[in-house]
Peer 1: 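Got a structure for you, written out below as structure tokens; questions coming shortly.
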Amino acid sequence: MELSKNYIPTEIEAKWYQHWIDRQYFSSKPDEREAYTVVIPPPNVTGVLHMGHCLNNTIQDILVRRARMQGKNACWVPGTDHASIATEAKVVGMLREKGIAKSSLSRSEFLDYAWEWKEKYGGIILQQLRKMGCSLDWDRTSFTMNPDYYASVIQVFVDLYQKGYIYRGKRMINWDVKAKTALSDEEVIYKVVQSKLYHVKYKLENGGFITIATVRPETILGDAAICVNPADERYKSLHGQYAFVPLINRKIKIIPDEYVALDFGTGALKVTPAHDMNDYQLGQKYQLEIIDTMNDDGTMSEAAQLYIGMDRFAVRKKIVEDLETAGHIEKIEEYTNQVGFSERTDVVVEPRLSLQWWVSMKELSAPALSAVMEDEIHFHPTKFKNLYRHWMENVKDWCISRQLWWGHRIPAWYTKDGAFAVAKTAEEALDQLKKSTGNTALTLSDIHQDDDCLDTWFSSWLWPFEVFKGLSDPDNKEVSYYYPTSTLVTAPEIIFFWVARMIIAGYEYKGLKPFKDVYFTGIVRDKLGRKMSKSLGNSPDLLALIDQYGADAVRFGILIASPAGNDILFDESSLEQGRNFNNKLWNALKLVKMWEGRLDNAATNDAADAEFAINWFENRLNQVSTEVEELMTQFKLSEALKTIYSLIWDDFCSWYLEWAKPGFEQPVSPMVLNKTISFFERLMELLHPFMPFITEEIFHLLKPQTEDLTVKLQHKAAKADENILASGALLKEVITKLRDARNKNQLKPKDPVSLYIMAEDNKGYQSISPILMKQVNANKVSYTAEAIPNTIVINMEKDKFFIEAAQQLDTDAIKERLLKDLAYEQNFLASVIKKLSNEKFVQNAKPEIIALERKKQADAEARMKTIEESLKSLA
RNA sequence: GGGAGCAUAGCUCAGUUGGUUUAGAGCAUCUGCCUUACAAGCAGAGGGUCCGCGGUUCGAACCCGUGUGCUCCCA
């Protein structure tokens, strides 16, 4: 079979993914094996694959594939969340293009369009994950608005309400006066705007004025206080005094609070609790009156007393004129500030108070805090425990209502008089309302369900058990087997939105933690360190990258740059490194395949030469496998990949294959070939979770296989023999030093040399001398008891090597290098002696440390002696 | 404003309870090589005030204090 010059991934990747799916390797059923369960952090149903997903899902796939190869029953559940805000925005946009306004549709008509959109365009990302090789159990694909899931979300709402954890309360929201709807924070676009800062004088009760600065003078009519910094000398005398709101002469108090910045405006702040987020909080703190001066369409309300029914911006103009006439304007400054605009209607957003549904978090979250603090759930890296604790100890109540239609509709029904009941169905709510209001004549048509729906996180916090119907069908076989799940892989920015809440829900509804380990990935940034985002447009097209480099290379590239817990600076050059690695593997395969053609049962020469190489690599493989195992259990994935990369590229390709390689057109013995193939197979096993496609391909090209690598059990690493490892390391070091000496003396690679070894133990070198000759291009090796004159001298610990070349040697250059080495050794020795002559060191340090320093001294002295001898022989 | 994290080679990072040779790796750089698996490669090399200052210690990249810079989260 002819193998291509370079590795070409596209067809190979498509072929194997289909094969794995056909064999149903990724589908899991409960059995007697240990389960390894991972639930995917559900991407938005509107989502397309970006770098964050790529990193996140690569990591999950590595963990899952590795567990599978370790004989566990691996189950990785895919799915999406309904993403109420994002999806509703998409659907509204699509309708707008068709010329349909959302306001012209009934709720159910709108939802029909939304479902249609979801079926047609939703979940593209799940297709894209296949391209990446993700070994997800597709039969389990879940969705937060599937009927069972929907019912569970409603059940949880009713349950928490009945337990007293859910209540209604006021909250400042972003109000779109044109669409007459609340906006989520994500739907508000902040723009830099040229405004005016009006300095307005308020008359004081005890005479004189206090001046405040505002950009929204129309809100003056809703003022409830004036606030100053308690440390502000200018206003100290005014604490607790009163001033009058201009034009309407309402009396308001002057209160001190550290919230006010001394250096902004005049240092005095007008407090308008009904129309500003921060003012509202000040209002809460000091129990100020809330005067809502605006109607839902942005006109002034009766509470404003003046300008009733006039638009807010017309009022801004008019009130400034009136204030000016009344002598209240001190000055007007130009001012640049940020103003929020509605993403939908592009009008200026008004902060407005509104009744919302809340979850009371304090009590509910207590078990979730201790679970993480006491390491029942392990965070990786552990530094996120601090962050988690801080948030959980200061947890705030959770506003769960959203003014949207796409989502789980809040199961609360209201009468016209404002009485309400929470229940799973309208009928149950009606029964409750009949009782609570005493009005037995109420009918279903008299009550109206809440129009809002629930925050998406209020459904995704049930994800780890509800994907197994753990609430809708509690104690079913699946949830009992798969829950608690094993590892959650997610981004640190949703530690509170999602991770904390899943833990809370897990304890509340299953009485168990939702997962054993949480691995937080870094945030993917571009080369300049900027977070990748749609708005910056700095996120590359992943599918194009996969086409260009191959999925294995993309997986490699993104993981190699991603140390545990640190952000990753994404640079395409790391994908190139991944592609080059693929190619390296491919070429190693080509070499081994070439040996097949030269197989000769009678060949024994190469076997004798290769024996050392085989013995060494076998042990090296065991040693590194153990290292990788350790790194993986510590979730140091990128380190593990680096270790495997180096094992394959350096140890296997650069050392082992070169050592075991037969001479030009020489035969290969079956032993060498078979051993090499088995090493290659084990390397593919190790690498498979990281780069599944090429490893599966090579595994099958190496020899006919009875099973696929994807479901093959990994070898258990045997204990490595330290002595063999040490002689391998020595051999590598000798070769490198000799090659370096050749280089520095300008010997061309093709110039053969003679090598003399002066060693304490010549036998030690006999087994490796064929390799040594091959690797340093020596045509002869001999042993000597005395220094050889006019040669290049190389010093190892105790042993010396002499390179004899046909070329004239540059003795001046050699001398110069020896002197440099000598100077280094002298400095080193001096530092060791200094340490050893310090009495306190000798008294306090552990004996083994002192012995070590003594050895350093002896070694350095020995090395200096040989250098001096060499210098003498040159002179 | 409150909180958290980070700072080691040009870049990205390792560096275990303080002592294993005056600090390691990958990438990048430089030098020499188209050597029959691989130039997407081979062989080799150079490169560091471990952010500044102070302290603890016989001994600090590591522990403590402090300053500076960067990043993130919450409001």
Side-chain angles (χ1 to χ4, degrees), chain A residues 3 5-7 258-261 277-278 281 381 383-391 393-394 396 492-496 522-523 525 527 529-531 549 553 560-571 573-574 576-595 631 634 636 638-639 641-643 645-646 649-650 653-654 657-658 661 664-665 735-744 746-750 775-777 824-825 827-832 834-836 838-846 848-850 852-853 855-857 859-860 863:
Chain A
L3 295 175
K5 183 174 184 306
N6 289 329
Y7 176 67
E258 268 142 16
Y259 167 73
V260 181
M277 204 76 90
N278 296 311
Q281 276 164 4
K383 67 178 179 188
F384 288 109
K385 276 171 77 174
N386 272 335
L387 188 68
Y388 181 82
R389 184 181 59 213
H390 183 258
W391 190 77
E393 281 174 353
N394 299 286
K396 299 205 172 64
E493 61 249 55
I494 53 174
I495 185 169
F496 312 125
I523 294 164
R525 301 172 181 283
K527 242 199 272 191
R530 300 174 307 179
K531 199 166 161 174
Y549 294 97
I560 202 81
S562 171
N566 278 341
D567 287 358
I568 96 159
L569 279 108
F570 178 75
D571 185 345
S573 70
S574 66
E576 216 171 291
Q577 197 188 342
R579 184 197 55 187
N580 295 353
F581 185 38
N582 276 333
N583 211 35
K584 187 71 183 175
L585 292 167
W586 191 247
N587 278 296
L589 173 73
K590 273 160 63 183
L591 177 70
V592 176
K593 293 313 276 183
M594 216 175 73
W595 291 359
L631 290 168
Q634 295 168 48
K636 293 184 175 173
S638 109
E639 290 260 324
L641 178 56
K642 274 182 196 170
T643 305
Y645 173 81
S646 165
W649 198 304
D650 302 328
C653 293
S654 296
L657 287 179
E658 293 298 333
K661 202 184 208 173
F664 182 56
E665 289 184 348
I735 292 169
T736 304
K737 283 206 166 178
L738 294 179
R739 281 171 171 171
D740 182 33
R742 288 185 57 115
N743 247 335
K744 289 206 165 122
Q746 270 118 38
L747 295 175
K748 297 280 175 203
K750 280 181 179 162
Q775 293 272 279
V776 302
N777 192 20
Y824 174 91
E825 296 295 347
N827 283 336
F828 176 67
L829 184 65
S831 79
V832 176
K834 193 178 158 202
K835 214 182 235 187
L836 281 168
N838 180 339
E839 267 178 47
K840 284 186 175 168
F841 170 73
V842 181
Q843 275 164 21
N844 292 311
K846 279 180 256 171
E848 57 267 32
I849 302 294
I850 297 168
L852 188 73
E853 291 299 319
K855 183 176 181 299
K856 282 191 206 170
Q857 181 184 5
D859 289 350
R863 283 193 301 265

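Chain letters run A, B, ... following the sequence lines, proteins first and then strands; every chain starts at 1.
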Peer 1: Taking Watson-Crick and G-U wobble pairs with both distances under 3.5 Å, convert RNA chain B into its dot-bracket string, 5' to 3', dots for unpaired and | for cross-strand pairs.
Peer 2: (((((((..((((.....[....)))).(((((.......))))).....(((((..]....)))))))))))).
Peer 1: Please work out whether the ring planes of A:Y824 and A:F828 are parallel, tilted or perpendicular, with thresholds of 30° and 60°.
Peer 2: parallel
Peer 1: Quick one: ring-ring contact (aromatic ring centres under 6.0 Å, His included) partners of A:F496, sequence neighbours excluded?
Peer 2: A:W391
Peer 1: If you restrict it to nitrogen or oxygen atoms, what contacts under 3.5 Å exist between nucleotides 72-75 of chain B and the protein, and what is each distance?
Peer 2:
| residue | atom | partner | partner atom | Å |
| --- | --- | --- | --- | --- |
| B:A75 | O3' | A:Q281 | NE2 | 3.2 |

Peer 1: Think A:K5 has a side-chain N or O under 4.0 angstrom from the OP1 or OP2 of B:A39?
Peer 2: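 Yes, A:K5 has a side-chain N/O under 4.0 Å of OP1/OP2 on B:A39.
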Peer 1: Any chance you could list the contact pattern along nucleotides 17-23 of chain B? Use B for base contacts, S for sugar-phosphate-only contacts and - for none, protein heavy atoms under 4.0 Å, 5' to 3'.
Peer 2: --BSBB-
Peer 1: In whole angstroms, how far is the P atom of B:C58 from the CG atom of A:N838?
Peer 2: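 Value for this atom pair: 9 Å.
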Peer 1: Rounded to the nearest Å, what distance is computed from the CG atom of residue A:D650 to the P atom of nucleotide B:C38?
Peer 2: 19 Å
Peer 1: At under 4.0 Å between heavy atoms, which parts of nucleotides 41-51 of chain B does protein reach? Answer with one letter per nucleotide, 5' to 3': B base, S sugar-phosphate only, - none.
Peer 2: SSSSS------
Peer 1: Report the residues that fulfil salt bridge (charged side-chain N to carboxylate O under 4.0 Å, His left out) with A:R863, sequence neighbours left out, ordered by chain and then residue number.
Peer 2: A:E797, A:E825
Peer 1: Any chance CD of A:E839 has more than 12 other-residue heavy atoms, nucleotides or ligands included, within less than 6.0 Å?
Peer 2: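 Counting other residues, nucleotides and ligands, CD of A:E839 stays at 12 neighbours or fewer.
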Peer 1: How about A:N587 and A:K590: does a side-chain donor come under 3.5 Å of a side-chain acceptor?
Peer 2: yes
Peer 1: In terms of relative ring orientation, are A:F581 and A:W649 parallel, tilted or perpendicular, with 30° and 60° separating the classes?
Peer 2: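 A:F581 vs A:W649 ring planes: parallel.
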